[in-house]
Amino acid sequence: MQLEGVLKEVFKKIDTIEQRGALAAYIPELAKVDPKQFGVHISTVDQKHFGMGDYNTPFSIQSIAKVLSLIFAYRIVGDDMWKRVGVEPSGTPFNSLVQLEADRGIPRNPFLNAGALVVADILLSHLEHPKDDFIRFVQSMSDNTSIDYSERIAQSEKAVGYRNVALCNFIKSFGQIKNEPEAVLDFYYALCSLEMNCKDLSETFLFLANNGIVVKNNRTILSEAQSKRINALMQTCGFYDESGEFAFKVGLPGKSGVGGGIIAVHPDQYAIAVWSPTLNKKGNSYKGMKFLEEFTTRSELSIF
Ligand code: GLN
């Protein structure tokens, strides 16, 4: 595989660059992660799978889970989703409150914390066992039944989650959260605490490179149009106030998390997951961004 050769070369190069950025220490448990870990895994639509470094080590996927919860909810409510959450890039950090007042509790997009809280609320309204149903969905997508929430990380975030409490209550004050904020936050922290490795992530997200259909078993997860919309949202909103920069340098739909993971999708080609825990100022993996920039440059494949 030509992509495999490029991945190897770029991995070796980025592995040696200076480790910049900082751990997401605002969540105490994430401050304990070994910052030197670095892993990459690619899964292609022609069924090639290849990883390097710590690609088998599970880590806290944090906001990458927002894509999975959106997909899960989109399957249930369809386009009614867009009555509750917008599709515009916000240009603000992930935990910002500023636009919610003017927008009357409708978050700009589903990848902001505000938007993900609304998506969690939608799931709570439709599912009898939201945590169980969601984890089973992720396990089946990744083909890994050992994937689970981390109670330790969820509790650690909950203990200091003042902003998320504020966001949830603020949205509730506009009537745009239907369940009790306590229950919504509990589910949101569980979603963010999911632990997956790079291989799980690239396998799980590969269907978005294949028009909504799981490559290995032909299962339809989303329609072609829905799958395109998720990619469009990742392209425009996946990196918060660094989304433009990511499109400019990497040029793929993608999503980051403060655990240092990034998933990116090249439609019709591949899904790639990279993990390096230290983050730049915008909360996106420093080495992860560098790796993907170099990878898409050298592989000379582009969606543009
Ligand atoms: N759980 C994190 C939070 O709410 C998710 C943020 C992220 O990964 N960008 O702060």
Side-chain angles (χ1 to χ4, degrees), residues 21-33 58-70 85 89-98 100 107-121 123 131 134 138 149-171 177 181-196 198 201 205 233-234 236-243 245-246 254-264 273-289:
L23 292 165
Y26 78 96
I27 300 176
E29 278 300 312
L30 293 185
K32 298 180 185 164
V33 172
F59 61 90
S60 185
I61 71 165
Q62 292 296 320
S63 285
I64 298 174
K66 292 171 180 169
V67 190
L68 299 174
S69 54
L70 175 67
V85 47
S90 68
T92 61
F94 58 85
N95 54 9
S96 175
L97 285 121
V98 290
L100 277 173
R108 284 280 164 103
N109 70 66
F111 299 150
L112 292 162
N113 288 14
L117 286 163
V118 168
V119 172
D121 183 54
L123 287 173
K131 283 190 195 171
F134 181 74
V138 177
Y149 306 112
S150 163
E151 188 59 25
R152 184 176 49 83
I153 291 171
Q155 286 307 324
S156 174
E157 182 169 12
K158 184 177 179 181
V160 293
Y162 306 111
R163 257 180 181 270
N164 287 323
V165 171
L167 281 165
C168 199
N169 281 287
F170 197 40
I171 302 169
I177 290 273
E182 175 99 15
V184 177
L185 286 161
D186 178 74
F187 188 36
Y188 172 79
Y189 293 135
L191 295 170
C192 292
S193 81
L194 259 187
E195 292 184 309
M196 294 171 78
C198 291
L201 284 171
F205 279 79
L233 280 168
M234 288 204 291
T236 51
C237 312
F239 297 81
Y240 313 107
D241 44 345
E242 203 170 32
S243 297
E245 181 114 350
F246 190 80
K255 184 75 202 80
S256 61
V258 292
I262 300 178
I263 181 76
V274 53
W275 172 51
S276 166
T278 54
L279 311 176
N280 65 19
K281 289 204 171 62
K282 309 269 176 160
N284 300 316
S285 172
Y286 173 76
K287 274 195 178 180
M289 300 278 279

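Start at 1 and go down the list; that is how both ligands and their atoms are numbered. Computed from a predicted structure; not experimentally measured. The figures here come from the full heavy-atom set of this structure, side chains too, leaving out hydrogens, waters and symmetry mates. Quick note: residue numbers are just sequence positions, from 1.
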Open item on the list: Test your reading of the model: is there a side-chain donor-acceptor pair from Q62 to the backbone of C192, 3.5 Å cut-off?
Closed with: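 Checking the backbone N and O of C192 against the side chain of Q62, a donor-acceptor pair under 3.5 Å is found.
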Please could you name the atoms of ligand 1 that [X] approaches to less than 4.0 Å, counting only its heavy atoms?
| X | result |
| --- | --- |
| N164 | 3 (C), 4 (O) |
| G257 | 8 (O) |
| Q62 | 1 (N), 2 (C), 5 (C), 8 (O) |
| N113 | 3 (C), 4 (O), 10 (O) |
| Y240 | 9 (N) |

Open item on the list: To the closest 0.5 Å, what do you measure between NZ (K255) and CD1 (I61)?
Closed with: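 One gets 10.0 Å once the value is rounded to the nearest 0.5 Å.
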Return the closest protein heavy atom for [atom] as residue, atom name and distance.
| atom | result |
| --- | --- |
| atom 4 (O) of ligand 1 | Y188 OH, 2.7 Å |
| atom 10 (O) of ligand 1 | Y26 OH, 2.5 Å |
| atom 3 (C) of ligand 1 | E157 OE2, 2.9 Å |
| atom 6 (C) of ligand 1 | S63 OG, 3.1 Å |

Task: F59 and W275 aromatic ring geometry - parallel, tilted or perpendicular at 30°/60° bounds - done: parallel
TODO: Select one of side chain, backbone, both or neither to describe which atoms of R163 lie under 4.0 Å from any atom of ligand 1, heavy atoms only.
DONE: neither
TODO: In sequence, state the C-alpha distance, the side-chain angles, and the governing distance for S256 and F94, and then conclude on side-chain contact (heavy atoms from CB on, under 4.5 Å).
DONE: CA-CA 11 Å; S256 61; F94 58 85; over 6 Å; no
Open item on the list: As a quick check of understanding, evaluate side-chain contact (heavy atoms from CB on, under 4.5 Å) for S243 and T236, giving each step before the final call.
Closed with: CA-CA 6 Å; S243 297; T236 51; 6.0 Å; no
Task: L123/S69 under side-chain contact (heavy atoms from CB on, under 4.5 Å): CA gap, chis, key distance, verdict - done: CA-CA 8 Å; L123 287 173; S69 54; 4.1 Å; yes
TODO: For side-chain contact (heavy atoms from CB on, under 4.5 Å), just list the numbers for K158 and N164, CA-CA rounded to whole Å, side-chain angles, deciding distance to a tenth of an Å, and then say yes or no.
DONE: CA-CA 9 Å; K158 184 177 179 181; N164 287 323; over 6 Å; no
